[in-house]
Amino acid sequence: MIDPETQAGWVPEADEADEEEEMPLSLRLSIADTLTLGNATCGFMAVYFTTTGILIPHLTGSQETGMARHSAATAVILMLCAAVFDLFDGLVARKLRSSPMGAELDNLSDLISFGLAPAYFVLVYGMVADDAHQRVAAVGAIVVLLAVVLRLARFSCVTVKDGTFQGMPSPFGALTVVSIVLLELPFVATLMAILGTAWLMVSRVEYPKPRGRLAVAMLSWIVLSMALLAAWAFDAPGGQLLLQTGCALQLVMGAVIPLFATARRVNNFRDNRREARAAQLP
């Protein structure tokens with residue numbers, strides 16, 4: 001014969017055991033989180049190809065410039081792929097859902113792909129380029145890394161108006177940094193441009209968020225950049241000129257986009273003042 005009190009006490013214990021076996025909500029990965037992890041993987045592999053294809057051959061005295069060119073192109077293409085993952089994980093998170101740790105995963109992945117990878121690219125550039133100064137390049141690499149760290153930390157703490165970023169977004173900044181290196185400018189000009197990009201990332205200059213048509217335009221630009229890198233890597237006719245043109249356009253966009261945003265803000269301010277004056281007139 002079953003004691004009713006014993007039975008009543010046994011059922012809740014079974015329910016509690018089932019709840020303990022169920023995975024906590026905070027540990028479940030969503031589709032957006034999976035894309036974010038793809039972002040981190042691309043950033044790590046960019047560091048890998050920069051090391052094995054550029055740095056190690058230089059340290060061992062290998063003269064295979066083709067391999068270094070292929071590895072540099074592969075590293076930058078991986079950073080571009082990371083930017084694609086970063087673009088789509090936000091879109092998917094808005095359409096579907098993101099896990100409670102989605103924001104943290106996004107920041108950590110961005111730090112790898114758009115902080116560590118481009119900073120390491122600058123560091124290796126300072127070691128292999130003929131006219132570069134290794135220690136000064138290391139300082140520039142540290143500045144890039146710290147700029148991304150500060151930017152991501154501020155992004156988590158500061159709320160800005162919808163539709164804009166405060167400071168150059170880290171994916172755009174990373175691509176601008178590697179474009180500066182690939183342009184093969186004199187070392188001083190390269191370093192100053194890198195420091196200027198790092199300043200833009202931590203500045204209060206407004207950049208529009210890639211949504212709608214702007215997201216499509218950004219994705220198209222990334223695909224075009226991959227094609228230019230592939231042409232350069234395989235030494236296609238005019239590949240060097242095409243790559244330099246694409247890198248120069250990346251720098252121009254980094255400088256021009258905030259000018260348009262600033263001009264729009266100034267025009268809005270003037271319109272508001274006119275409306276306020278018109279409202280005060282009898």
Side-chain angles (χ1 to χ4, degrees), residues 43 46-47 50 54-55 58 68-69 71-73 75-77 79-80 82-83 110-155 165-208 218 221-222 225 228-229 232 240-263:
V47 173
T50 303
I54 303 175
L55 180 58
H58 172 75
R69 186 167 61 246
S71 298
V76 180
I77 287 175
M79 292 185 216
L80 289 166
D110 287 354
L111 180 59
I112 296 172
S113 299
F114 311 125
L116 176 62
Y120 187 71
F121 199 81
V122 172
L123 179 66
V124 172
Y125 154 75
M127 299 176 68
V128 303
D130 295 332
D131 64 336
H133 301 277
Q134 180 177 338
R135 294 182 179 179
V136 180
V139 173
I142 292 172
V143 171
V144 171
L145 178 63
L146 294 181
V148 175
V149 171
L150 292 172
R151 169 171 173 72
L152 293 174
R154 186 179 67 182
F155 179 76
F165 287 115
Q166 191 177 80
M168 180 183 285
S170 53
F172 198 87
L175 299 180
T176 303
V177 167
V178 296
S179 295
I180 294 168
V181 174
L182 292 175
L183 272 175
E184 298 182 355
L185 300 171
F187 177 72
V188 175
T190 299
L191 182 65
M192 295 304 295
I194 289 172
L195 295 178
T197 304
W199 175 82
L200 281 174
M201 284 193 280
V202 297
S203 69
R204 297 182 181 274
V205 177
E206 292 183 353
Y207 282 78
M218 180 178 176
W221 173 249
I222 289 174
S225 299
L228 295 177
L229 284 163
W232 173 67
Q240 181 72 24
L241 179 60
L242 289 173
L243 178 70
Q244 291 180 343
T245 303
C247 292
L249 287 175
Q250 177 73 29
L251 269 65
V252 170
M253 287 193 299
V256 169
I257 289 176
L259 292 179
F260 279 111
T262 302

Find the distance between CG (L242) and CG (L229) and round it off to the nearest 0.5 Å. 11.0 Å
What is the minimum heavy-atom distance between S71 and I54, and which atoms define it? CB-CG1, 4.1 Å
Value for CH2 (W232) from CD (Q240), rounded to nearest 0.5 Å, stands at 7.0 Å
So, for P118 and A174, which heavy atoms are closest and what is the spacing to 0.1 Å? CG-CB, 3.7 Å
On a heavy-atom basis, the closest approach of L228 and G246 is CD1-CA, 3.8 Å
Heavy-atom distance under 4.5 Å between the side chains of M201 and F172, does that happen here? no
Give the table of side-chain donor-acceptor pairs shorter than 3.5 Å for residues 142-155, with sequence neighbours excluded, one pair per line with atom names and distance.
| residue | atom | partner | partner atom | Å |
| --- | --- | --- | --- | --- |
| R151 | NE | M168 | O | 3.2 |
| R151 | NH1 | Q166 | O | 2.6 |
| R154 | NH1 | V202 | O | 2.8 |
| R154 | NH1 | S203 | O | 3.4 |
| R154 | NH2 | Q166 | O | 2.7 |
| R154 | NH2 | S203 | O | 2.9 |

Which residues satisfy the side-chain hydrogen bond (donor to acceptor under 3.5 Å, both in side chains) test with Q250, sequence neighbours excluded? T176, W221
Where do T50 and A75 come nearest, in terms of heavy atoms and distance? OG1-CB, 3.4 Å
Per-pair distances, 0.1 Å, donor-acceptor, side chain in residues 178-191, under 3.5 Å, sequence neighbours excluded:
| residue | atom | partner | partner atom | Å |
| --- | --- | --- | --- | --- |
| S179 | OG | L175 | O | 2.7 |
| T190 | OG1 | L185 | O | 3.3 |
| T190 | OG1 | P186 | O | 3.1 |

side-chain contact (heavy atoms from CB on, under 4.5 Å) partners for I222, two or more places apart: L80, A83, V84, M218, M226
Please, which pairs that meet side-chain hydrogen bond (donor to acceptor under 3.5 Å, both in side chains) have at least one residue in residues 120-138, sequence neighbours excluded? T51-Y120
Using side-chain contact (heavy atoms from CB on, under 4.5 Å) as the criterion, list what pairs up with A82, not counting sequence neighbours. N39, C42, S113, F114
